[in-house]
Amino acid sequence: MTSPDTRLTALEIRSTEQEKTIEELSQQIAEQWRIIDRMQKKLDALTDRFLALEEQTAPGHEATRPPHW
C-alpha cells in the first residue's frame, strides 16, 4: 500500500499537469478563434466583392445574398 503522503504528492502532480494542459488548450482555442475571425472577415470581403462584380457583369440580373446569410 502507498502512504497518504505519497498518494497526496501524486495527486498534486497530476493536478499541476492538468492545469498546464488546460492552459495550453485554452491558448490554442484562443488562437484558433483569432484565425477563424480573420477568415470570416476575408470571406465576407470576398463575398461582397463577388456580388459587386456579378452586378457589373450581369446588368439584367439582380445579385442578392442567399436567405441563410
Side-chain angles (χ1 to χ4, degrees):
M1 273 220 192
T2 59
S3 71
D5 289 339
T6 304
R7 189 166 180 228
L8 181 59
T9 301
L11 289 172
E12 288 174 342
I13 291 170
R14 184 179 297 164
S15 174
T16 302
E17 289 172 351
Q18 288 176 347
E19 286 177 18
K20 181 182 174 192
T21 301
I22 289 169
E23 182 59 33
E24 289 171 353
L25 290 171
S26 178
Q27 289 173 357
Q28 287 219 339
I29 288 171
E31 178 60 26
Q32 289 175 353
W33 186 253
R34 286 189 286 273
I35 291 169
I36 289 170
D37 191 44
R38 282 195 315 263
M39 291 174 72
Q40 183 63 52
K41 288 177 184 176
K42 286 181 181 181
L43 177 62
D44 291 343
L46 287 171
T47 300
D48 291 342
R49 186 174 172 190
F50 174 78
L51 290 174
L53 289 171
E54 192 175 53
E55 287 177 4
Q56 291 175 359
T57 58
H61 176 65
E62 182 179 325
T64 57
R65 290 184 175 201
H68 63 278
W69 284 24

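Note: Gln32 CD to Ile35 CD1 = 6.5 Å, rounded to the nearest 0.5 Å. Atom CD1 of residue Ile29 and atom CD of residue Glu24 lie 12.0 Å apart, to the nearest 0.5 angstrom. To the nearest 0.5 Å, atom CD of residue Gln28 and atom CG of residue Leu25 are 6.5 Å apart. In this structure, Phe50 CZ and Glu55 CD are separated by 10.5 Å, a value rounded to the nearest 0.5 Å.
A salt bridge is absent between Glu17 and Lys20: the closest approach of a Lys/Arg side-chain nitrogen to an acidic carboxylate oxygen does not fall below 4.0 angstrom.
Checked by atom type and distance alone, the side chain of Thr9 pairs as donor or acceptor with a backbone atom of Asp5 at under 3.5 Å. One N or O on the side chain of Thr16 and one on the backbone of Glu12 form a donor-acceptor pair closer than 3.5 Å.
Applying the under-4.5 Å side-chain rule to Ile, Leu, Val, Met, Phe, Trp and Tyr, the cluster around Leu53 consists of that residue alone.
A side-chain N or O of Glu23 and one of Gln27 form a donor-acceptor pair less than 3.5 Å apart.
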